[in-house]
Amino acid sequence: MAAIRVFEEAARSKNFTVAAEKLGMTQAAVSYQIKVLEDRVGAQLFVRQARGVELSEIGRKFAGTATEALNLLADAYADARGLSQDTLSISVIPTFGTNFLAQHLGKFQLDNPKIAVRVEISEGLTDFNSDEFDLAIRGGKGEWPDLRSHILIPTQFTPMLSKELSDSIGGVREPADLLKLPILSHSDPWWQLWFTAAGLENQSLDNRPNRQFGPQILEANAAIAGQGVAMLTPAFFKAELARGQLVQPFDLLGDDGTGYWLVFPESNRLSPKIRKFRSWIEAATASYRE
């Protein structure tokens, strides 16, 4: 293919030196590629003259077909690249997807009307080798082989509950008051981390009813319904806190060293649509990293 591309340009220019300048090569490299092609074809493609070169009869026939073929490949590449840049496919974990991305994604689409966004909610880690996703948003420490990882929101957490549940014990005024109430997902290690940071180490929660809800969005809904106290990330529940559906009794935030990350394969790092999305989402989450 390299030799054909050089031949096509030399046939158009009818001068190896001019072709070399257009291709960013040396004249010797152009001559070498032409010789390689002539050896493979088994015939002379150019007739050397004092002021340049002329195509041989075989060269003229070959040049027309070569130009047509290269133009066809260029059109196919442009179409494929255009299609690949028209749609951005994102795999995202549930709470980030519902309580952040869905609420802010409209701004990205207004700024980039030519990019259609497809979002799929998933708990599992995306396999970019088999799944048709351009990027993913995942929780963890950002250490995934062969993937570029960019921190969006550090994982911070604190207890939240409904006002009605808080009022049922006369209000939650100190961390120990939480132990008087039902605890949702009490086996979650975040609870012990937060209690330790609050000065209440080694709190035994094992004898409590085991109610596991999985994603934070489900635990938050259970807390809003007054079923118990949930350990949640404040960044995802600003609206619920503002409406009074949830209350955050304490400013103390726990941190386990993890975060929510934008990830994509190294091979996709130069994709225009991914670069645009990364720039937008890093700006949208900047306040959470300060």
Looking only at heavy atoms, what is the nearest atom pair of [X] and [Y], with distance?
X: Lys14; Y: Ala11; value: CG-O, 3.5 Å
X: Ser149; Y: Val263; value: OG-CG1, 3.6 Å
X: Ile281; Y: Leu262; value: CG2-CD2, 4.1 Å
X: Ala176; Y: Leu200; value: N-CD1, 3.6 Å
X: Phe133; Y: Ser91; value: CD2-N, 3.6 Å
X: Thr158; Y: Met231; value: C-SD, 3.3 Å

Side chain [X], main chain [Y], donor-acceptor under 3.5 Å:
X: Arg138; Y: Gly124; answer: yes
X: Asn112; Y: Ile115; answer: no
X: Arg40; Y: Leu37; answer: no
X: Thr95; Y: Ile217; answer: yes

Going from [atom1] on [X] to [atom2] on [Y], what distance comes out if it is rounded to the nearest 0.5 angstrom?
X: Ile224; Y: Ser162; atom1: CD1; atom2: OG; result: 9.0 Å
X: Trp280; Y: Leu105; atom1: CH2; atom2: CG; result: 5.5 Å
X: Leu152; Y: Trp261; atom1: CG; atom2: CH2; result: 9.0 Å
X: Ser166; Y: Met160; atom1: OG; atom2: CE; result: 13.5 Å
X: Leu161; Y: Gln248; atom1: CG; atom2: CD; result: 10.5 Å
X: Gln216; Y: Phe236; atom1: CD; atom2: CZ; result: 6.5 Å

(request) Run the salt-bridge test on Glu38 and Lys35 with the 4.0 Å N-O cut-off and return the result as yes or no. (result)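 Salt bridge flag = no for Lys35 with Glu38.
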(request) Identify whether the distance between the nearest side-chain nitrogen and carboxylate oxygen of Arg5 and Glu8 falls below 4.0 Å. (result)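 So Arg5 pairs with Glu8 through a salt bridge.
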(request) Determine the interplanar angle of the Phe157 and Trp190 rings, folded into 0 to 90°, and report it as parallel if under 30°, tilted if 30 to 60°, perpendicular if over 60°. (result)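 Parallel.
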(request) Could you label the plane-to-plane angle of the Phe108 and Phe277 rings as parallel, tilted or perpendicular, counting under 30° as parallel and over 60° as perpendicular? (result)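 Geometry flag for Phe277 against Phe108: perpendicular rings.
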(request) Just do the side-chain contact (heavy atoms from CB on, under 4.5 Å) check on Thr98 and Val92 with the steps written out, would you? (result) CA-CA 9 Å; Thr98 56; Val92 58; over 6 Å; no
(request) Return the set of residues passing salt bridge (charged side-chain N to carboxylate O under 4.0 Å, His left out) with Arg289 (not counting sequence neighbours), or none when no residue passes. (result)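 Scan of Arg289 (salt bridge (charged side-chain N to carboxylate O under 4.0 Å, His left out), adjacent residues dropped) gives none.
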(message) Before you tell me yes or no, could you show the steps for Leu181 and Val172 under side-chain contact (heavy atoms from CB on, under 4.5 Å), namely the whole-Å CA-CA distance, both residues' side-chain angles and the distance that decides it to 0.1 Å?
(response) CA-CA 10 Å; Leu181 297 169; Val172 176; 4.0 Å; yes
Can you tell me if [X] has over 12 outside heavy atoms packed within less than 6.0 Å of its [atom1]?
X: Asp251; atom1: CG; result: no
X: Gln103; atom1: CD; result: yes
X: Arg118; atom1: CZ; result: yes
X: Arg243; atom1: CZ; result: yes
X: Arg275; atom1: CZ; result: no

Do [X] and [Y] land in one hydrophobic cluster if side-chain heavy atoms of ILVMFWY residues count as linked below 4.5 Å?
X: Phe62; Y: Val47; result: no
X: Leu241; Y: Phe100; result: yes
X: Ile34; Y: Val36; result: no
X: Leu55; Y: Val18; result: no
X: Leu165; Y: Ile169; result: yes

(message) Can a side-chain donor-acceptor contact be found between Asp256 and Thr258 if the only test is distance below 3.5 angstrom?
(response)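 Side-chain D/A pair, Thr258 to Asp256: present.
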(request) For Gln27 and Thr17, test the side chains for any donor-to-acceptor distance below 3.5 angstrom and give the result as yes or no. (result)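 No, because no side-chain N or O of Gln27 sits under 3.5 Å from a partner of the opposite role on Thr17.
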(request) Have a look at Val229 and tell me which of Leu179, Asp177, Leu184, Ile183 forms a side-chain contact (heavy atoms from CB on, under 4.5 Å) with it. (result)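 For Val229, the side-chain contact (heavy atoms from CB on, under 4.5 Å) check succeeds only for Ile183.
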Any [X] side-chain heavy atom under 4.5 Å of [Y] side chain:
X: Glu132; Y: Thr87; answer: no
X: Gln245; Y: Phe237; answer: no
X: Leu205; Y: Gln192; answer: yes
X: Ile153; Y: Phe96; answer: yes
X: Tyr288; Y: Gln156; answer: no
X: Leu218; Y: Pro94; answer: no
X: Leu253; Y: Pro234; answer: yes
X: Asp146; Y: Phe128; answer: no

(message) Would Glu57 and Arg60 count as a salt bridge (Lys or Arg N to Asp or Glu O under 4.0 Å) here? Give the steps.
(response) CA-CA 5 Å; Glu57 184 177 351; Arg60 280 194 298 273; 5.1 Å; no
(request) Decide side-chain contact (heavy atoms from CB on, under 4.5 Å) for Ile58 and Leu45; before the verdict, give the C-alpha distance in whole Å, the side-chain angles of both, and the deciding distance to 0.1 Å. (result) CA-CA 6 Å; Ile58 293 176; Leu45 299 175; 4.1 Å; yes
(request) Check whether the ring centres of Phe16 and Phe46 lie less than 6.0 Å apart, and answer yes or no. (result)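 Yes - the distance between ring centres of Phe16 and Phe46 falls below the 6.0 Å cut-off.
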